[in-house]
Every structure is written in C-alpha cells, then in structure tokens.
Amino acid sequence: LLLRYLKKIFYNSVAELRVPMNHLRNLRPDEIATLRSQACRADDWNQVWVPEVFDIEYVNHVRFSGVVKLGAFRKIFTLPGGLVKHSGLRHVTLHNCTLGDNVLIENVQNYIANYRIGDDCFIQNINVMLVEGKATFGNNVEVSVLNETGGREVPIYDGLSASLAYIIALYRHRPALIERLRDMITAYTEGIASTEGTVGDKVKIVNTGTIRNVKIGDYATIENSARLENGSVNSKKEAPVFIGDSVIAQDFIVSSGAKIADAAKIIRCFIGQACQVTHNFSAHDSLLFSNCAFENGEACAIFAGPFTVSMHKSSLLIAGMYSFLNAGSGSNQSNHMYKLGPIHQGIVERGSKTTSDSYILWPARIGAFSLVMGRHHHSDTSDIPFSYLIEKDDETYLVPGINLRSVGTIRDAQKWPKRDKRTDPDRLDMINYNLLSPYTIQKMLKAVDILKNLQALVGETSEIYYYQNTRIKGSSLRNALNFYGMAINKFFGNSLIKRLEGTTYCSMEEVWEQLRPTESKGSGEWLDLAGLILPREPLEALLQDIEQGEIASLEDVECFFRLVHGRYYSLEWTWAYEMIERYYGVDLRSISAAEIIDLVRRWQECVIRLDEMLYEDARKEFSLTSMIGFGVDGSSKEKQQDFEGVRGDFMNNPFVTAVQEHIVNKRALGDELIERLKPLV
C-alpha cells in the first residue's frame, strides 16, 4: 500500500512526462505474476515490452501475442455525461502492436493486430482491427471513373488533386504521359506500403465493427461505423476527419477535414478535403474533391470537382464530370443505351445547375454556368456558356447567355469562397472562384462568333436557329449577343483597371510600361482543370516534361499546380492584353489616354447595366407570386407583413444592398482612374 501511494505521488508530479518508446524493458518476474493475477496472458512474456515505470494496475484481462510494446498509462479520459476512465488496457487481445502513451483500449471483441497506435488514443467496443499482409491502405486503387467499363481509371493516392486526376482521366490520347503518372503513383504506394498499420495521436474509435488494412491519421474520430477496409483516413490536428454511424467504406481514401456519416457507403472512392458524405448516400468508383456535399442520393463513376452538391434522395449522378454543380431533386443521367453497355460519359462544366427532375442522356456536354431544365439528349453547348437548356415539346431549347443576368449565378459565385471549409494548411486542390476569367470569356467570344454565323447563314429575322441538337429562338439569340457583349466589356475593363490602379502617372510612357505583361506565357487557349484555371501553354510544357522524364515525382507535379495558381492574375493579364488589342482594335503599347478613358466609360456602362438586370431579377423574389403561402389567415396587408417578417423587405435585402453598393463603387472606381488620366489627354 505504501509503495502504491508513493507511486501515485510520483505520477502526479510528472503527469506530463513522456517516456520515450526506445526506453523499454522486459517484464520482471513479479510484474508477470501481477499481470497473471489480473487475468492477463501471453504467448511469450519475453516479447512484452514496457516503460521503465510501468503502470501495471491499469492492465487487466489482456492477452499478448507476438511482440507487444506498451507506453505509460497516466491520462484520465472524461466521457460525455461526466464518466471518468483511466487510460489502460482492459479486455483486449494485442498481436504485434506498439502503443504510445496514455492509450485506453477496452472491450475489443476479437483482437487488434499489427498496429502502431499513437498517444492519447481512445479505442473502445470494437470488433477487430488488423493489418493483413503488406497493405497499401487504399493507395493505387483504380477507380473506373466516367466510363464504367474502364478506360479512364484513375489510381488514387493520399495526395491526389482534382487537377492531376483530370489529366489522368481525360488525357488518354497521350499514353506515355499516363504511364509515367501511373509509375509515380505506384512508386509512392510502394514507399508507404507496410505490414503495420498506424493510428495517429488523439484518435477516438468506438463501437465500430471491422477495421482492416486502414491507416488512421491524428485526431480522427470513428464512431459506430460498420466496416472500413483497405483505406486511409488522412486526418490532421488542423482538419480532423469524422466517420460516423453505420458507414461502410472499402478501397478508399478520405482526405483531411472530411465527414462520412449516417450510413453512407463508399466503394473505390477518393473523398477530398472538407467533403461531406452523409444520410445514406452511396457512391462507387467515384472521385469527390474539395468541399463536395452529398446526401441521400447515389453516385456512380463520377468525377465530382470542387463544390459539387447533391442533396436529394431521388438524384443519381452517373458517368459525369462536374464542378461547382448544384444538382436538383431527381437529377438523373443515363450512360447506357442498351447496345454496347454503359460506355457513355458527359461533362457539365463549372457552375451549372440541374433543376428538379432534369435528365441528360450521355454523351453530352453542358457549357459553364448553365441551367438544365427538363430532358435533353446529346446536347453540346460547351461553347455557349451562361445559358438555359429548356425542354419544350420534347425538344431542347437553348437560351444563350441568359444566366449572366441571373441573381442566382452571382450569388453562387460569391458564396463558394465563403463555403470553403478546408482548414488544412496543405490544400490539395487549387480552386479559382472567378466567374469571369479567360476560360469563360474565350467561350463567350466563341459564342458570339457562333451566333453571328447562324444569323449570317439563316438570316437575322429567322424565328428559330438550330445548333448542336438544340433550338434557339431569334429573340434569344439577339439578346445573347447583347449579354455576352456586356460581360466581355466588363471583364476586359476589370483587367485594365486592375492593372492601372494605385499609380499616379506623369506620362503615357509610364502607363504603357505599367500595361506591359510580366508573364511570357498566358496567351492562347485557357483550360479548367477541375477548379484550376490556367493557360494551355504552361500545362503543355509540364506534360512534355513528364513524358520525357524530366519531372518524375508527384510533388513536382503538384508544385506546378500551386505555382501556376499563384500566378493566375499575371497570367490572366498576358491573355487579356492580347485580347483587348484584338477586340477593340487598339495598340496598348501606344494607346492614348483618351482611348483608355473611352474603354473605362464603356466598362462602367456595362457593369452598371448588368447590375441593374441583377437588381430587377432579385426583385422577382419579392413579388406577389412569391408571397403565396404567407399570411394564410389574414388580409393582403398581413400577408406582406408575414412575408417581410420571414424574408425581410426588398430594399434591405443583403444581396440587393450589395448590388446597389457595387454600382456606386464601380462608378467611383472608373471615375477615379479617369481623373488620373485626364492630365495626359
């Protein structure tokens, strides 16, 4: 009793002391006797290693098999409801395990085998946790994305980014490139493959069934899950992972900050940073990247770029590539025409929406920031962005450019950066949130050419034009030319004003010098690599370097994505510089102050006109029709009062006031530049 009392005093005085794991020793005969008296057994007591100061009283009903190394047991866990439990081992079988300090493991129905468990872990009421053979923990699992029958498989690994996956999935016309990238992922996988699994520090695993060949990072929580097999839970202190009730996961990688819960099922899937997959959602052979949110529905062979959202039970996303997508209830696609199997695929470009009960028959490609309503077959509107696709009399009607005046489109663009839930400082996906960029403006320029060519071929007075399995009304075409023109002027004006801001000029030579691009690359075509917007030219150089073996590591590839993302605005200006000269017929190397002022005034006019259209579109949400269902038992006055009590009034709506402020600020911004340039006229 005296010795035990002195030991407790000693523990209290060194409560934070960590005993290095290499300072271990064999058990003494008296300790073996004590452990036996506490219902412990060992195949070979000489293979049980303990710290110099061994907290033997906290080890009960334990069977030791193989080599087992224990840490100190000095921490007390306080559970929800106030129950206190001391760290230690109770009712568990350990085989070839290494434990950190202050671990609590109890009530393991079967056993834990071949695991290295970190400090301060809490493991309770699990069935079995083991590593069998040489495990790769979900790395190098091939995901048959887009084409269910194969051909676009992406081998996943811990650091996979949306941009790299895009290249592997879609650049099959460059077999040498794909082979090199596969070799890099294989080399990474061989480097992390092990016969021993790891559980990081401060991990909580409770009431869980089978955990087989799973690597678990720091601060992860796994509660009430059914089965996890062959995967990585890449949790971090800055971005913990939560895996909850009845989850089944097989051949998977879950990135930092993700949440998988509520009977979700993921088979051969990569789950990106800060993703949420909950409420019975099921997915197989799918890639879900940063900030995706999926509930209730189903995904099959999809490439879900950042911020892809599907929340409804009746929704099925299949064999498609998306990013910044909002899928409405009942959204569905088909990749099987009952001939050669499910071989078809489709692309819905960034920022699009599918309304309730929408349907697309693949193959098809939908332009950026488009709205899909009704049923559509094999449409290709990739060069007609910001459009509506509407079903009428079993035909697809295309309304080009109409989404540029939609308040919903602007609201989406504003909310995405605010909804980025990634807290991991090491971000895997490079995400560009810009609504107007070289990527979308080049498509608008193409759209203008396409629409003008249709007018020239069919006649300007035609009531219907036909384009890529769609119909375009004459009035819609004429309006689209107006919408696209305003957006193009807005983008070029934004770029020009941004380039000239904050400087007082004494001569036009100083202006010309300020306008000169600082990047040699940036002209030509721009691409959207699942969130990363960049010029084709530097990407092509990267791909050639990979093919020629000059870039041979995944780190170098991902470093390229980070660097080009960080240089976006300087690269954007290189593109805008050339396009401004071409579009307006000016020479920016010798442009006059009066010409710049004219461009700024044109920009002001277009920005204000677009904002006014957004203002009027927002007003529709406060119409009498929108008030249906309000003030159910009262007069029309009470209806309006009830509506305003719930929704607020139009003039004080945050978005409406933001639009009004935007008009004032942009007019002032243009006026300020004009005043700086007037002395040079």
Side-chain angles (χ1 to χ4, degrees), residues 349-353 365-372 379-390 396-410 412-413 434-460 462 464-468 470-497 525-526 528 533 572 575-576 578-586 598-617 666:
E349 296 186 9
R350 65 161 46 210
S352 295
K353 291 185 178 181
R365 186 167 181 176
I366 309 302
F369 297 99
S370 293
L371 179 70
V372 180
S379 301
D380 182 358
T381 65
S382 55
D383 288 331
I384 313 288
F386 293 91
S387 300
Y388 284 3
L389 277 82
I390 302 172
T396 295
Y397 279 78
L398 179 65
V399 188
I402 191 69
N403 236 357
L404 284 165
R405 73 174 192 182
S406 170
V407 67
T409 302
I410 305 302
D412 285 343
N434 290 1
L435 190 73
L436 302 180
S437 66
Y439 175 73
T440 51
I441 296 300
Q442 73 186 7
K443 287 181 175 292
M444 292 186 202
L445 292 168
K446 283 184 181 179
V448 169
D449 289 341
I450 290 168
L451 298 179
K452 287 184 176 179
N453 286 337
L454 288 175
Q455 280 187 325
L457 288 171
V458 182
E460 293 188 9
S462 176
I464 295 291
Y465 299 87
Y466 295 89
Y467 174 75
Q468 298 285 10
T470 71
R471 299 184 178 194
I472 304 173
K473 289 185 177 180
S475 57
S476 298
L477 186 149
R478 292 185 288 273
N479 287 334
L481 293 174
N482 184 38
F483 295 145
Y484 286 140
M486 287 190 288
I488 291 167
N489 283 324
K490 178 178 178 178
F491 172 79
F492 287 146
N494 286 343
S495 298
L496 183 65
I497 291 171
E525 185 181 7
W526 279 59
D528 177 10
I533 296 176
E572 177 195 77
W575 185 85
E578 293 185 6
M579 297 307 299
I580 286 172
E581 291 187 329
R582 189 182 308 172
Y583 191 74
Y584 297 112
V586 298
D598 179 65
L599 292 178
V600 172
R601 285 178 174 154
R602 189 181 305 189
W603 168 81
Q604 281 181 316
E605 179 185 353
C606 291
V607 168
I608 291 170
R609 285 175 62 193
L610 283 170
D611 281 347
E612 288 173 346
M613 286 190 288
L614 295 175
Y615 183 87
E616 292 304 318
D617 195 46
K666 292 301 181 181

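Considering CD1 of I533 and CH2 of W526, their distance stands at 8.0 Å, rounded to 0.5 Å. The structure places CD1 of I450 at 3.5 Å from OH of Y467, a figure rounded to the nearest 0.5 Å. Separation of atoms OG (S352) and CD1 (I366) is listed at 7.5 Å; rounding is to 0.5 Å.
For the pair L436 and I441, the minimum side-chain heavy-atom distance is below 4.5 Å. Taking 4.5 Å as the limit, every side-chain heavy atom of F491 sits out of range of all side-chain heavy atoms of N434. The shortest side-chain heavy-atom distance between M444 and L404 falls under the 4.5 Å cut-off.
Under a 3.5 Å cut-off, the side chain of T381 and the backbone N or O of G367 do form a donor-acceptor pair. Between the Y465 side chain and the T470 main chain, no donor and acceptor come within less than 3.5 Å of each other.
Residues that satisfy the ring-ring contact (aromatic ring centres under 6.0 Å, His included) test with Y583, not counting sequence neighbours, are F492. Applying the side-chain hydrogen bond (donor to acceptor under 3.5 Å, both in side chains) criterion to R471, with sequence neighbours excluded, gives no partner residue. In this view, E525 and R536 satisfy the salt bridge (Lys or Arg N to Asp or Glu O under 4.0 Å) rule, not counting sequence neighbours. Every side-chain contact (heavy atoms from CB on, under 4.5 Å) that K443 has, sequence neighbours left out, goes to E349, S382, D383, P385, Y439. Under the side-chain hydrogen bond (donor to acceptor under 3.5 Å, both in side chains) criterion, W603 pairs with N494, not counting sequence neighbours. Looking at residues two or more places apart in sequence or on another chain, you find a side-chain hydrogen bond (donor to acceptor under 3.5 Å, both in side chains) between R350 and D528. Partners of D611 by side-chain contact (heavy atoms from CB on, under 4.5 Å), not counting sequence neighbours, listed by chain and number: V607, L614, V659, H662, I663. For T396, the side-chain hydrogen bond (donor to acceptor under 3.5 Å, both in side chains) test picks out H376, with sequence neighbours left out. In this structure E572 satisfies the salt bridge (Lys or Arg N to Asp or Glu O under 4.0 Å) test with no other residue, sequence neighbours excluded.
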| task | Carefully, step by step, assess Q468 and L398 under the rule side-chain contact (heavy atoms from CB on, under 4.5 Å). | result | CA-CA 10 Å; Q468 298 285 10; L398 179 65; over 6 Å; no
| message | If you apply the rule side-chain contact (heavy atoms from CB on, under 4.5 Å), what do you find for I580 with V586, and how did you get there? | response | CA-CA 7 Å; I580 286 172; V586 298; 4.2 Å; yes
| request: Take F386 and F483 through the side-chain contact (heavy atoms from CB on, under 4.5 Å) test and state the conclusion after the steps. | output: CA-CA 10 Å; F386 293 91; F483 295 145; over 6 Å; no
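Exactly one of V399, L371, I402 qualifies for a side-chain contact (heavy atoms from CB on, under 4.5 Å) with I390. That residue is V399. For the side-chain contact (heavy atoms from CB on, under 4.5 Å) test with P400, the passing option among I472, V448, L477 is I472; the others fail.
Within the structure, side chain to side chain donor-acceptor pair (under 3.5 Å) pairs that include any residue of residues 444-456 do not occur (at least two apart or interchain). Pairs of residues two or more places apart, or lying in two chains, that qualify as side chain to side chain donor-acceptor pair (under 3.5 Å) and include a residue from residues 474-493 are N482-R609, N489-Y584.
Pairing each heavy atom of Y388 with each of N403, the nearest pair is CE1-OD1, 3.3 Å.
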